[in-house]
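Every chain is numbered from 1 and lettered A, B, ... according to where its sequence line falls, protein lines coming before strand lines.
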There are 2 protein chains.
Amino acid sequence: MGKLTARAIVERALEIGDAEGLDAVTIRRLAADLDVTPMALYWHFKNKDRLLVGMADHLVAGFAPAPADDRSWERRLRDLVEGLIRVLRGHPCARQVLEQVDQSEVPGFLAVWDQALGLCRAAGFSVEESCMISKYLLQSAVAIADAPMHFDAGRTPAEIDEIVRRKRLGLESLSADAYPNLVAMAGPMAGSMDPALYDSFGVDLVLSGIEALAARR
Amino acid sequence: MGKLTARAIVERALEIGDAEGLDAVTIRRLAADLDVTPMALYWHFKNKDRLLVGMADHLVAGFAPAPADDRSWERRLRDLVEGLIRVLRGHPCARQVLEQVDQSEVPGFLAVWDQALGLCRAAGFSVEESCMISKYLLQSAVAIADAPMHFDAGRTPAEIDEIVRRKRLGLESLSADAYPNLVAMAGPMAGSMDPALYDSFGVDLVLSGIEALAARR
DNA sequence: ACCTGAACACCGTTCAAGT
DNA sequence: ACCTGAACACCGTTCAAGT
């Protein structure tokens, strides 16, 4: 029997969240899954918010930012974003978790943030600009990682098709007068898009904005 | 005595959410505020999720996108984003609400989305690219509108100062070895930045990325 | 059509107590 | 140090009933 440890609790919580959504992660449900009393969890986490912070930290814990080297800041910033996306991809509930916690209380997230800040400064941005850009960058990475076509975890291709199909039908059945473009582009909007292309285009979009601003100064 | 109507419920819900955060918006609490039984609300909204959709729609309802004219797509896209930001600014809980609902079920949001899609197509992007860009654009607008320095509603300048101060202290007290940049830039990171500059820089950042990609094709 | 009353199956959290 | 039991103050929601 594995011991009840903070790590075991967080991992079980992420399993539940990934499989059934973050709403299913409940102190009582989690305790039941761990064969323990709900109050047992309160010894390891002072309240549910701290548990969520623990979950968030576990999400990015596997992500060690590369040490400084002689690559360009553009290259390093891109690697940072792509690395973060790759790590978050492993957990369907990543975005929900990171939305619920104060990210400045998550050590692993602060590490990525710090790295982004340094790269922005290296790119020649002011302190204020670097703050904005780094926040924006991390937020975009989380959003890209949560792309609609990446709920693959535990679902069969047939199930994914069904979800996409229903989404598309919902869009197609809108008023073509009120939303002409949405109706016309229902297919791609619903998420039937090549994932690899989605990712690289998303990262391009975010980084090209930063690079354009850097070039302008 | 105002009658109990869907609109009155939504407006009261937004008041509570703006003043005390979305967590305070509870069926029971809301009913008590409206001097009515909790179950009364279920006649107007089939469940809490539909109420949230109603709140989200009310947020953007005041936002009528400009009709097509002869301005450039860059100009019109920028006006769209700035307009959306301006409307969301009025409600501190806007981001929380828009995060919790499926945005494709919010008519007012679909209208903005449709407009963004049309402008992306006009810019020469493919259908797939337009879908990504428009999603990204709206998401960024919501994020910018929710900027940390804009929780002004109902709070005195002294209270804001206190919040910013505590946030800054939290960052400054981090390990300078682990997070050198965060510690060094604690002040601006905590949110003591000029709001107008924050907004315009944020919009610039997002739009310059789109424009750079458009120019590249 | 519009609202109430009572009930059900849940929550997070505290506090004293056990080992 | 680590966990349990019982209790408190909440939730969202259903269902039958009132007007």
Side-chain angles (χ1 to χ4, degrees), chain A residues 1-59 93 96-103 105-106, chain B residues 1-59 93 96-103 105-106:
Chain A
M1 259 334 284
K3 280 210 58 176
L4 183 66
T5 158
R7 181 191 179 107
I9 295 172
V10 161
E11 286 174 349
R12 193 89 193 81
L14 283 174
E15 283 175 34
I16 297 174
D18 288 337
E20 306 173 38
L22 195 56
D23 286 347
V25 178
T26 242
I27 296 284
R28 294 173 114 106
R29 156 72 190 278
L30 186 53
D33 270 33
L34 293 164
D35 270 318
V36 97
T37 273
M39 291 60 81
L41 307 187
Y42 281 88
W43 195 88
H44 299 274
F45 297 94
K46 106 173 228 291
N47 55 34
K48 193 178 180 181
D49 188 61
R50 300 313 301 175
L51 170 62
L52 285 167
V53 170
M55 292 170 71
D57 198 46
H58 194 85
L59 284 175
C93 72
Q96 281 186 288
V97 173
L98 287 171
E99 267 171 1
Q100 297 243 359
V101 303
D102 180 354
Q103 295 177 348
E105 296 195 328
V106 183
Chain B
M1 261 323 289
K3 280 211 58 178
L4 183 65
T5 159
R7 181 190 179 106
I9 295 172
V10 160
E11 286 174 349
R12 193 88 194 83
L14 282 173
E15 284 175 34
I16 297 174
D18 287 338
E20 306 173 38
L22 195 56
D23 286 347
V25 178
T26 242
I27 297 283
R28 295 173 114 105
R29 156 72 189 277
L30 186 52
D33 270 32
L34 292 164
D35 270 317
V36 99
T37 273
M39 292 61 80
L41 306 188
Y42 282 87
W43 194 89
H44 299 274
F45 298 95
K46 107 172 228 292
N47 55 34
K48 194 178 179 179
D49 188 60
R50 301 312 303 175
L51 171 62
L52 284 167
V53 169
M55 292 170 70
D57 198 47
H58 193 85
L59 283 175
C93 71
Q96 281 186 287
V97 173
L98 289 171
E99 267 170 2
Q100 297 244 358
V101 304
D102 181 353
Q103 297 178 347
E105 296 195 330
V106 182

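Rounded to whole angstrom, the span from the CG atom of A/Asn47 across to the C1' atom of D/dC10 amounts to 16 Å. Counting to the nearest Å, the P atom of D/dC2 and the NZ atom of A/Lys46 are 19 Å from each other. Distance, A/Asp35 CG to D/dT4 C1': 14 Å, rounded to whole Å. Separating the CG atom of B/Leu30 from the P atom of D/dC10 is a distance of 16 Å, rounded to the nearest angstrom. In this structure, A/Arg50 atom CZ and C/dG12 atom P are separated by 17 Å, rounded to whole Å. In this structure, CZ of A/Phe45 is placed 12 Å from P of D/dC3, rounded to the nearest angstrom. Taking atom CE of residue A/Met39 and atom C1' of nucleotide D/dA7, one finds them 10 Å apart after rounding to whole Å. Going from atom CG of A/Asp23 over to atom C1' of C/dG12 covers 15 Å, rounded to whole Å.
One finds no side-chain N or O of A/His44 lying less than 4.0 angstrom from the OP1 or OP2 phosphate oxygen of D/dA1. The side chain of B/Thr26 contributes no N or O atom lying less than 4.0 Å from OP1 or OP2 of D/dC10.
The listed nucleotides are C/dT13, D/dC2, C/dC2; the one nearest the side chain of A/Tyr42 is C/dT13. Closest contact between the side chain of B/Ile27 and the listed nucleotides C/dT13, D/dT13, C/dT4 involves D/dT13. When each of D/dG12, D/dA6, C/dT4 is scored by its nearest atom to the side-chain atoms of B/Ala40, the top-ranked nucleotide is C/dT4. Closest to the side chain of B/Trp43, out of D/dG5, D/dT13, C/dC3, is C/dC3. Among D/dG12, D/dC11, C/dT13, the nucleotide with an atom closest to any side-chain atom of B/Arg29 is D/dC11. In this structure, the nucleotide among D/dC3, C/dT4, C/dT13 sitting nearest to the side chain of A/Lys48 is C/dT13. Considering only the side chain of B/Arg28, C/dA7 comes nearest among C/dA7, D/dC2, C/dT13.
Surrounding CZ of A/Arg29 are more than 12 heavy atoms belonging to other residues, nucleotides or ligands, all under 6.0 Å away.
Nucleotide C/dA7 forms a Watson-Crick or G-U wobble pair with D/dT13, both donor-acceptor distances falling under 3.5 Å. Across all strands shown, C/dT19 is found opposite D/dA1 as a Watson-Crick or G-U wobble partner, with both distances under 3.5 Å.
In plain terms, the two heavy atoms of B/Ala8 and B/Leu34 that are nearest each other are O-CD2, 4.4 Å. In plain terms, the two heavy atoms of A/His58 and A/Val10 that are nearest each other are CB-CG1, 3.5 Å.
Evaluated for a side-chain contact (heavy atoms from CB on, under 4.5 Å) with B/Leu52, the options B/Leu98, B/Asn47, B/Leu22 yield exactly one hit, B/Leu22. Considering A/Asp102, A/Val106, A/Val97 as possible partners of A/Val53, the one that fulfils the side-chain contact (heavy atoms from CB on, under 4.5 Å) test is A/Val106.
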